[in-house]
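First listed ligand is number 1; within each ligand, the first listed atom is number 1. Predicted model, so just to flag it, every value in this text is computed and none were measured.
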Amino acid sequence: MSHQEFRAINFGAGPGCIPDSVLLEAQKELLNFQGCGKSIMEVSHRGKEFEKVIQETKSNLIKVLSIPDDYDILFLQGGASSLFSGIPMNLCESPNDVVDFIVTGAWSKGASTDGKYFCKVNKVADMEPEKFLTVTDPSQWKFSPDSTYIHYCDNETVHGVEMPPSTPDHFPEGRIVVCDMSSNFLSKPVNVSKYDLIFAGAQKNAGISGITIVIIKKSLLTKTKPSVPSVFNFLKKSQNNSLDNTPPTFNIYITGLVLKWIIKEGGLEEMERRSIEKSSNLYKFIDGSNGFYRCGIDAKYRSRMNVVFRIQDGNEQLEEKFVKEASKHNITDIKGHRSVGGLRVSLYNAITVDQTKKLIEFMTSFMNENKQ
Ligand SMILES: Cc1ncc(COP(=O)(O)O)c(C=O)c1O
């Protein structure tokens with residue numbers, strides 16, 4: 001049986017789908033990595049095999065994102081959530097420092113909740129009262145006059161809200177800009193120089209869970225105090241090429257394979273082109289369904305990565321049936337996040353335009369069979 005016959009169309013929000021060719025490559029090399037007689041999981045993180053993997057992964061990330069020379073790349077453990085405390089630990093001088101948070105969904109809210117143990121939290125905008133369905137106009141954002149940095153989430157995975165690329169242009173000049181790009185990382189070209197720190201858990205578009213990638217402006221590293229614990233200490237990580245303790249070697253290797261796949265497929269311009277095609281096909285179909293399917297997110301902020309929607313304005317029975325019937329078509333992982341319910345389809349890089357078309361075909365027949 002070829003893998004195409006049993007592989008699910010996995011629309012999961014993360015850990016999400018990985019390109020088949022990446023998994024096959026990892027499988028091929030599993031017992032004997034490049035002729036060394038061991039798997040990449042069994043070699044020293046300080047040995048020549050892994051040294052090559054980490055350097056290649058870094059240089060391919062620099063190539064793919066055009067990362068300028070004055071930035072460093074760190075590979076951290078603890079998930080993207082660990083950065084919700086790790087970042088203020090490194091960047092704030094004292095708990096009296098003010099940090100500006102733009103709260104547009106569950107993950108920026110989470111960052112502001114953890115942040116309050118390390119800094120004073122100023123919510124520049126808080127979209128929770130609007131159920132995270134939209135974002136207030138930047139002209140109304142209330143920045144603190146002297147925040148240590150600004151934190152926002154480029155793509156809210158749970159609520160399906162994606163910020164426009166122009167977002168940092170609305171920030172007061174000279175502020176340090178921190179961006180959680182966990183769920184749209186590597187899905188489009190990014191002007192890295194607009195940011196001081198970008199972080200992303202790998203398990204959406206960049207590999208598997210277990211590493212968080214940090215792209216940090218080198219000048220920020222001097223802010224880290226010696227008292228910051230080693231596992232969170234950006235300066236120490238940078239000085240030691242993320243190898244001061246044992247890094248998640250297999251995870252870095254997989255990210256390296258994913259980056260090679262992105263390059264082979266045409267880079268981030270191509271990833272963006274595909275994501276626009278996939279998401280606009282799906283949103284167009286949802287909007288044209290006469291309310292059978294409905295996406296409540298303000299059209300300006302709809303995510304290309306995580307499409308959240310309801311059936312008949314929240315008919316839970318029908319939504320359950322939808323999930324069940326979808327699985328008969330090999331379409332999986334489409335339940336909404338437990339905190340919001342409904343349905344969510346994640347269109348990460350490894351999901352193809354054709355797979356999205358198959359989903360729309362299924363949605364069409366489900367609608368025709370179930371509408372009153
Ligand atoms: C945007 C965003 N930020 C942070 C996180 C937290 O990541 P982790 O589970 O790796 O801690 C997630 C997880 O889905 C996410 O989507």
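- Rounding to the nearest 0.5 Å gives a distance of 8.0 Å between CG of D69 and CD1 of I62.
- Each of D100, V103, V99 was checked for a side chain to side chain contact (heavy atoms under 4.5 Å, CB included) with V124, and the lone residue meeting it is D100.
- Of the candidates E56, E265, E25, K260 forms a salt bridge (Lys or Arg N to Asp or Glu O under 4.0 Å) with just one, namely E56.
- For ligand 1, residues of the protein lying within 4.0 angstrom by heavy-atom distance are G79, A80, S81, F84, W107, C153, N155, T157, D180, S182, S183, Q203, K204.
- Heavy atoms of other residues, nucleotides or ligands lying less than 6.0 angstrom from CZ of R46 number more than 12.
- The ring-ring contact (aromatic ring centres under 6.0 Å, His included) with Y152 is formed by just one residue from the set F199, F143, W107, F171; it is F171.
- Under the rule for a side-chain hydrogen bond (donor to acceptor under 3.5 Å, both in side chains), the partners of W141 that lie at least two apart in sequence or sit in another chain are T136.
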